[in-house]
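In the text below, chain A, chain B and the rest are named by the order of the sequence lines, each starting its count at 1. These numbers come from the heavy atoms of this one structure, side chains and all, not from hydrogens, waters or symmetry mates.
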Amino acid sequence: MEKMSAVKRAILCAACIALCYALPMAFHAFGAGSVFLPMHIPVFICGLTCGWPYGLLCGIAGPAISSALTNMPPVAMLPTMVVELAVYGVVSGILMQIVRTKRLYVDLYISLVVAILAGRVLAGMARALIFAAGSYSMAAWVSGYLVTSWPGTLIQLLFIPSLVYALMQARLIPQRYPKTKTGDRKV
Amino acid sequence: MGSIAGKQITFAYGYDDAPTLNGVDISVKPGQLVAILGRNGCGKSTLVRHFNALLALQEGELSVAGIDVRDEAELWRLRRTVGMVFQNPDNQFVSSLVGEDVAFGLENYQVPRSEIPGKVSAALEMVGLAGFEERSPHLLSGGQKQRAALAGVLALEPEILVLDEATAMLDPVGRREILAAAMDLRMRGTTVIMITHIVEEAIPADLVFLMNEGKMIAAGTPEEVLTVPELLEQAGLAPPLPVRLYHDLRTAGIALEHCPLTAEALAEELCRLK
Amino acid sequence: MSFEIKSLSYVYQRGTPLETPALENVSFSIGDGEFVGIMGHTGCGKSTLLHLMAGLLPAPAGTVLIDGEDINRKGYDRSVLRRKLGVLFQFPESQLFESTVEKDVAFGLKHSGLSTKDIEQRVQWAIETVGLDYSRVKGQSPLGLSGGEKRRAAIAGVLAVQPRHLILDEPTVGLDPMGREALLELLVKLNRDGMTILMVSHDADSLGEAARRLLVLHQGHLAADGPIGQVFADMDAMADWGLGVSQSREAAGLLARKGLEVPQDITSYRQLLPAVLTALKGGGSP
Amino acid sequence: MNSQLTGQYIPGTSIMHRMDARAKFSGFLLLIAAVILTGTIKGYLLTISFILIIAALSKLPPEIATGSVRRMLPFFFVVFLLNVLFFESETPLWQWGIVTISIDGIAQGANILLRIVLILILSNVLTLTTPPMALMAAIESLMSPLRFIGVPVGDVSMILSVAVQFIPTLLRETDDIRTAQTARGAQFESGKLLDRAKALPPLLTPIFLSAFKRADELAVAMEARGYRGGKHRTKKASQPMPVSGWLALLLCAALCALQIFLF
C-alpha cells in the first residue's frame with residue numbers, strides 16, 4: 001500500500017469525528033464514563049494516522065458535533081475542550097511527520113507524549129484567558145488537567161500506540177516502515 | 001460504448017509477494033450481462049477495480065468503453081462511464097438524506113444545481129424508490145440501501161455498471177431486489193458486470209468468467225461454464241443443484257438429454273424420461 | 001432440557017412513542033444435543049430472542065431457563081453461563097483484537113481458573129478444530145489473516161471455552177461455498193459430539209442440510225415449530241412469512257407438480273438424489 | 001439508539017424556533033463574547049435580563065432550559081471552591097500555605113460561576129430550539145468566508161457530512177461489539193478503575209478497526225463516484241439571511257458594544 005489518498009484521509013478523519021460522539025456514548029453505557037477521556041482517543045488516532053490538518057479538524061469538529069447533538073460537552077465548555085483536542089491533533093500529526101527513528105513505537109510515543117503535554121498546557125492557558133483572566137492558578141490547572149485525568153492519560157499511553165499498530169496489521173493504514181523484500185522486519 | 005477489452009492484466013499489492021492477478025484476459029461486448037465468478041480472494045474484485053482505475057494498471061492492456069485506463073487525462077470521464085456498487089450497504093453513503101446522497105455523484109461532475117433534483121428523482125424512480133429523497137439511509141432495509149446506492153450510481157447514466165458482490169450481505173428478499181434491478185438495466189442497454197460467488201446468480205448472464213488464484217480459468221456462456229462441475233470445483237465453487245443432479249444421475253446410469261441449469265428445466269428433463 | 005423459554009415477551013423502547021413489540025408470548029424448549037434452526041423475516045424479533053436466550057438482555061416478561069436454571073434470577077452467576085453457552089454473532093471476525101491468534105482465542109478463558117498449560121491445550125484444540133494450522137497461525141496477528149481464516153479464528157475463540165450449547169447468528173453470510181461447506185461440517189460434527197446448536201439464518205440451504213428442527217418467527221410470534229422437513233413442506237406458509245425454502249425442497253416441489261413422485265419433506269440434496277432415483281425407477285422399493 | 005439523530009431538539013413554534021439558524025448561531029457567539037466582556041454589576045443586570053428574555057422567548061419549560069445547569073452543580077461547586085481557596089489576594093481573610101481565602105476570591109468565584117451558568121443557558125436554548133442538522137448546516141455556511149484564509153471549506157463540509165452520516169452506524173456497531181465481547185466473557189461494568197481500564201482494549205480495538213474499515217470502503221466508493229475534493233463540485237445553493245436574522249444579530253452586537261464602551 002502506498003501513501004493514503006487525500007480522499008481516504010478525509011474519510012478516516014470523518015470516522016474519527018463520528019467516534020468522538022460514539023465512543024463517549026459507549027463508555028457511558030457501561031459506566032466507564034468520562035474518567036477515561038474517551039473523546040480524546042479518536043483525535044490522537046486521527047492526528048497520528050492522517051496528519052495534522054485532519055487532526056486539527058477532528059479536534060475541533062469532534063467535540064463541536066457532539067456538543068451540537070447532545071450538549072455534551074456543554075457548549076460553554078467547548079472552547080477550552082476544542083483548544084485541548086485541536087492541539088492534540090495538530091501536535092501528534094506534525095511530530096509523526098518529523099520524528100522518524102526507524103522504530104514505530106518510539107515515533108508513536110514521542111509524538112503522543114509531547115502532544116498530551118502540549119494540549120494540557122495550552123488548554124490550561126486558554127481556560128485562564130477565557131474564564132478568569134489572571135486568577136486561574138497553577139493549582140487549579142494541576143488538579144484539572146493532571147490529577148483528575150490520570151486514568152484517561154494511562155489509557156492513552158497504554159492503548160493508542162498499539163491501536164495504531166493494529167490498524168497497520170489489518171492493512172487499513174500503510175506500514176510506516178514496510179519490511180523490505182529480503183524479509184528483515186523493523187517494528 | 002460499454003465494451004471492455006483487457007489483455008494480460010497482472011497486478012500485485014505491495015504487501016503481498018504473489019500477484020493477485022496473473023495475466024488475465026477479459027472481453028465484454030456492449031450491453032452484455034456478465035458474471036465474474038470465483039471464491040473469496042480469487043482476484044475478481046481486484047480485476048474490476050481496474051475498470052474505473054481505482055487501481056492503477058501495473059502490467060497488460062485494458063481499455064474500457066474505448067478509454068485506455070492508463071490515460072490520466074480521461075480518468076474522470078472513465079469513472080463517470082463505469083458505475084460501481086459495493087458489497088456493504090452501510091459503507092456507501094455520504095449523507096444522512098437519500099436525496100443528497102444520490103446527488104453526490106452529480107455534484108462531483110459539476111452538474112448545474114438546477115438539473116440535479118430532476119435527475120435524482122429519476123434515478124430513485126428507476127430503482128423503485130420514488131419519493132425517498134428525504135428519508136434517512138439508516139432506516140432503510142438492506143435491499144433498499146443497496147438500491148439507493150445503485151440510484152446514486154445510475155444518476156450519472158453510466159454505460160457500464162459493476163456490482164461488486166453487491167448482494168453478498170443481503171437477505172434473500174434484498175438479493176432478489178438487486179438482481180431484478182440489474183436485469184432491468186441490461187434491458188435498457190447498460191453493460192452489467194456482476195461479481196459473485198453464488199453460481200445461481202450467474203445463470204441469467206450472457207457471459208460467465210470463472211476466476212481462480214488470479215487467473216481466468218474459463219469464459220463462456222452459462223451453459224458452457226456452469227454445466228462442468230470439474231471446472232467449478234477447480235475454482236472452489238459448487239455447481240448449481242440441477243447440474244449436480246444431472247451428473248449424479250448419470251453416474252447412477254440415468255442419462256438426461258440436456259444438462260439443465262434451472263429447477264424448471266430439470267423438472268422438464270426428468271418428465272421427458274418418465 | 002438445554003433451553004426452556006416460557007411466555008417470553010419483549011417491547012422495544014418501552015414507554016416512548018416508538019414503542020414496538022418485538023416478541024409476544026413466545027414459548028418453546030430445546031433438548032440436549034438438538035440442532036435447531038430459527039428463520040424469520042428481517043425485523044421479526046429473532047435477534048431480540050437470541051439476545052434474551054443468551055442472557056445479553058434482561059427478560060422483562062417471561063422466563064429463560066438454561067439447563068433448568070433461570071438465568072435472570074437474582075444471584076445467578078453469569079460467568080457460569082458464559083462458559084456453558086457460546087454465542088457467535090454475525091461477522092464474528094469483527095471481535096478480533098489481540099496481537100496474536102493464540103491470545104485472541106484464549107480471551108474467553110481468562111477468568112476460567114484453568115492452568116496455563118490447560119489453556120494452551122484448549123486453544124490448540126479449538127484452532128485445530130476450526131481447520132487452521134495451529135503452528136502457523138498461533139503467533140500471527142489475527143488482523144493479518146484472510147477473510148475466511150479470520151472467521152475461523154473467531155469461531156475458535158468461542159469454541160475454546162468448550163460450551164455445551166452454541167448459538168449462531170447468520171454464521172454463513174459472506175462465506176464462499178467452500179467456507180460454508182466447511183463451517184456446516186464443523187457444526188454437524190460438534191452437534192454429533194453432543195453440543196446443542198441453535199442457528200439463526202436466512203440461508204435455507206444451510207439449515208436444510210444441517211438442522212433437524214426449525215422454528216419460524218413471524219412478527220414477534222412463534223409461527224411454526226417442528227421437524228425442518230415438515231415446516232419446509234408447507235411452502236405457501238413459508239412464502240407468507242416472507243421466507244424461502246432450500247433449493248432441494250423447491251426442486252422437489254417442482255418435480256411433484258410435473259408428476260414425479262418425490263416426497264415433499266425433503267430439505268437437502270442428500271435426500272433429494274435418492275428420492276429422484278426412486279421416483280424414476282418407478283416408485284417401487286427404495 | 002440507532003434511529004435518527006434528534007439531539008436535544010424539542011420541536012416548537014416560538015420566535016427562537018423559527019429564527020434563521022445562522023443568525024441564531026452567530027448571535028450565540030456574540031452573546032458569549034458579551035458575557036465574557038461583562039464586568040460590572042450594572043453590566044450584569046443588562047446581560048442577565050437580555051439572556052432571560054431570550055430564554056422566555058424560546059417558550060421552553062424553565063426546568064428544561066436550565067437542565068444542564070442543574071446536572072453540573074457538583075462541578076460548579078468545585079470551580080467555586082478552587083477560586084475561593086486559591087485566589088491570590090493582597091488582603092486575605094485567612095491563609096494557610098497556598099490556601100488563601102479572601103473577599104476578592106469569593107467575588108471571583110461568583111463571577112466565574114455566573115458566567116458559566118449564563119453561557120450554559122444560552123447553549124441550551126440554542127440546541128433545544130434548533131434541529132441538529134440545521135445547526136450543522138448553519139455552521140457550515142458560516143465557515144464559508146474561511147476559504148479566503150486558505151481553509152478548504154468544501155472538503156471540510158464534506159467531511160462533516162460524512163461524519164454525521166457515520167454516527168448511527170458506529171453507535172450500532174459499538175453496541176454490537178460490546179454485546180459480542182460480553183458473550184465471550186468480557187466484563188466491562190464491574191471491578192476497580194484499573195480493571196475497567198484493562199477491559200477496554202477488547203472494545204476499543206474492534207471499534208477502531210471497524211470504523212477504519214468502513215471509512216476505507218466509503219473512500220473507495222466516493223472515488224468511484226467521481227469525488228476528487230471539495231473544490232470540483234457543484235456549488236451549494238445559498239439563501240440570503242432574512243431581515244429578522246440581521247435584526248437579532250444587531251441586537252446582540254449592540255449588547256457587546258454596550259459592555260465594552262459603557263460599563
Looking at D176(C) and N40(B), would you say the former's side chain and the latter's main chain have a donor-acceptor pair under 3.5 Å? yes
Measure the spacing between CG of L245(B) and CD of Q247(C) and express it to the nearest 0.5 Å. 12.0 Å
On a heavy-atom basis, which atom in A168(B) and which in V173(C) lie closest, and how many Å separate them? O-CG1, 3.9 Å
Please report the interatomic distance CG(L256(B)) to CG(L280(C)), rounded to the nearest 0.5 Å. 8.0 Å
What part of E250(C) is in contact with chain B, defined as an atom under 4.5 angstrom from a non-hydrogen atom: side chain, backbone, both or neither? neither
Find the distance between NE2 (H41(C)) and OG (S141(B)) and round it off to the nearest 0.5 Å. 8.0 Å
Between the side chain of H197(B) and the main-chain N/O of G174(C), is any donor-acceptor distance below 3.5 Å? no
Return the option, out of A252(B), P172(B), G174(B), with the maximum number of heavy-atom pairs under 4.5 Å with chain C. P172(B)
In Å and rounded to the nearest 0.5 Å, what is the CZ to NZ distance from R272(B) to K258(C)? 10.0 Å
Atom of P177(C), atom of G236(B) and distance for their closest heavy-atom approach: CB-O, 4.1 Å
Value for CZ (R175(B)) from NE2 (H202(C)), rounded to nearest 0.5 Å, stands at 10.0 Å
Using non-hydrogen atoms and a 4.5 Å limit, figure out which bit of L243(C) sits close to chain B: side chain, backbone, both or neither. neither
Beyond-backbone contact of L241(B) with S248(C), side-chain heavy atoms, under 4.5 angstrom: yes
Side chains of L254(C) and E264(B) in contact at under 4.5 Å (non-hydrogen atoms): yes
Is there a side-chain contact between L249(B) and L273(C) (heavy atoms, below 4.5 Å)? yes
Heavy-atom closest contact (L255(C) atom, A267(B) atom, distance): CD2-CA, 3.4 Å
Atom pair CG/CE of D171(B) and M39(C) - distance to nearest 0.5 Å: 10.0 Å
Of the backbone (N, CA, C, O) and the side chain (C-beta and beyond), which part of L237(B) lies under 4.5 Å from a heavy atom of chain C, both, or neither? both
Return the minimal non-hydrogen interatomic distance between M169(B) and F91(C), and the atom names on each side. CE-CZ, 3.5 Å
